[in-house]
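Numbering of ligands and ligand atoms starts at 1, following listing order.
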Amino acid sequence: MHDADCIFCKIVKGEIPCARLYEDDAVLAFLDIAPVAPGHALLIPKAHHADLFALPPVLGTALTAAASRVGRAVMAAAGATGLNLQMNNGPSAGQVVFHAHLHLIPRQAGDGLALWPGRPYADPAAMAAMAEAVRQAFESLK
Ligand code: AMP
Ligand code: ZN
C-alpha cells in the first residue's frame, strides 16, 4: 500500500508534515510546497500508485469527487473564479513525484498564468489519421 521511499507516502503516514486540507479513507489533500498560485493544492490517493495508469478506477472516482469539493474550497479561500486540474504522468509530462496526484490550481482573470499553446494540425487528413491511430491503439489495449 505504501512505498518506503515515496515522499507522498511519508506524508500520508505522518512522517513528513503537510498543510492538510482534507482527508477521507481514500484520499488526502494538502497545499503544494511550491505553489504556482496561492492555494495550489495536491490531491492524492492514500495508497501508493505511481500514476494515472496504475490507479484503480475506484480511486480515480474518489479523486475526482474530492477534487470537486476541495477545489471549491480552494477557490473560495483564494478568492479565485476558476480552477485548473492537472495531472502529470511520466517524466516527459513533468512528473517528479511518482505517487499519483492531481494539482488543483486556483485561477483568476489576469493572474498571468498561461495555458499550453495550441497549434492546429497541418491538415484535416493528419487529424483523421491521428484519431484512427488512437482508436486502433485503444483496441489493442483490450
Ligand atoms: P509533479 O511535477 O506533478 O510530480 O508535482 C510534484 C509536486 O509536489 C510539485 O508541485 C512540488 O512542489 C510538490 N511537492 C513536493 N514535495 C512536497 C511536500 N513535501 N509537500 C508539499 N508539496 C510537495
Ligand atoms: Zn507513495
Side-chain angles (χ1 to χ4, degrees), residues 1-123 126-142:
M1 176 166 185
H2 295 304
D3 178 327
D5 297 326
C6 171
I7 191 164
F8 287 176
C9 282
K10 289 179 180 172
I11 287 176
V12 170
K13 288 185 281 183
E15 294 173 7
I16 290 178
C18 73
R20 192 181 65 84
L21 303 176
Y22 169 80
E23 70 179 305
D24 59 29
D25 288 348
V27 307
L28 170 68
F30 51 95
L31 290 180
D32 194 297
I33 204 165
V36 301
H40 177 177
L42 299 174
L43 179 59
I44 70 172
K46 286 185 169 175
H48 181 86
H49 300 284
D51 55 25
L52 172 68
F53 314 116
L55 194 66
V58 67
L59 287 181
T61 302
L63 282 177
T64 48
S68 174
R69 294 174 61 207
V70 177
R72 277 181 284 162
V74 164
M75 285 173 62
T81 52
L83 184 83
N84 285 124
L85 270 189
Q86 180 164 328
M87 187 174 196
N88 301 327
N89 295 285
S92 62
Q95 187 175 12
V96 174
V97 177
F98 294 92
H99 180 132
H101 54 278
L102 291 178
H103 293 259
L104 279 58
I105 302 171
R107 300 296 306 273
Q108 19 213 341
D111 62 15
L113 296 177
L115 294 177
W116 295 309
R119 284 189 313 261
Y121 283 92
D123 53 49
M127 186 171 174
M130 178 53 73
E132 179 58 21
V134 174
R135 286 191 293 267
Q136 285 188 12
F138 191 89
E139 287 307 313
S140 71
L141 291 177
K142 286 180 179 171

> Which protein residues come within less than 4.0 angstrom of ligand 1, counting heavy atoms only?
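Contacting ligand 1 under 4.0 Å are I7, F8, I11, F30, L31, D32, I33, A34, L42, N88, G94, Q95, V96, V97, H101, H103.
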
> What is the number of protein N, O or S atoms that sit under 2.8 Å away from the Zn ion (ligand 2)?
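Of the protein's nitrogen, oxygen and sulfur atoms, 4 lie under 2.8 Å from the Zn ion (ligand 2).
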
> Rounded to the nearest 0.5 Å, how far does NE2 of H40 lie from CG of L83?
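L83 CG to H40 NE2: 10.0 Å, rounded to 0.5 Å.
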
> Looking only at the aromatic ring of each residue, does the gap between the centers of H101 and H103 stay below 6.0 angstrom?
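Yes, the ring centres sit under 6.0 Å apart.
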
> Any non-hydrogen side-chain atom of L63 less than 4.5 Å from a side-chain atom of L55?
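Side chain of L63 against side chain of L55, heavy atoms only: contact under 4.5 Å found.
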
> Could you tell me the separation between the SG atom of C6 and the NZ atom of K13, rounded to the nearest 0.5 Å?
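Between atom SG of C6 and atom NZ of K13 there are 8.5 Å.
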
> Does L104 reach the side chain of L42, with side-chain heavy atoms less than 4.5 Å apart?
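Side-chain contact under 4.5 Å: no.
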
> At their closest point, which heavy atom of D51 faces which heavy atom of Q95, and how far apart are they?
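Minimum heavy-atom contact is CB-OE1, 3.9 Å.
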
> Would you call H99 and D3 a side-chain contact if the rule is heavy atoms closer than 4.5 Å?
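Of all side-chain heavy-atom pairs linking D3 with H99, none is under 4.5 Å.
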
> Just wondering, more than 12 heavy atoms not from R69 lying within 6.0 Å of its CZ?
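It does not: R69 CZ has 12 such atoms or fewer within range.
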
> How about F138: does its CZ atom have over 12 heavy atoms from other parts shown lying under 6.0 Å from it?
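Incorrect, the count does not exceed 12.
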
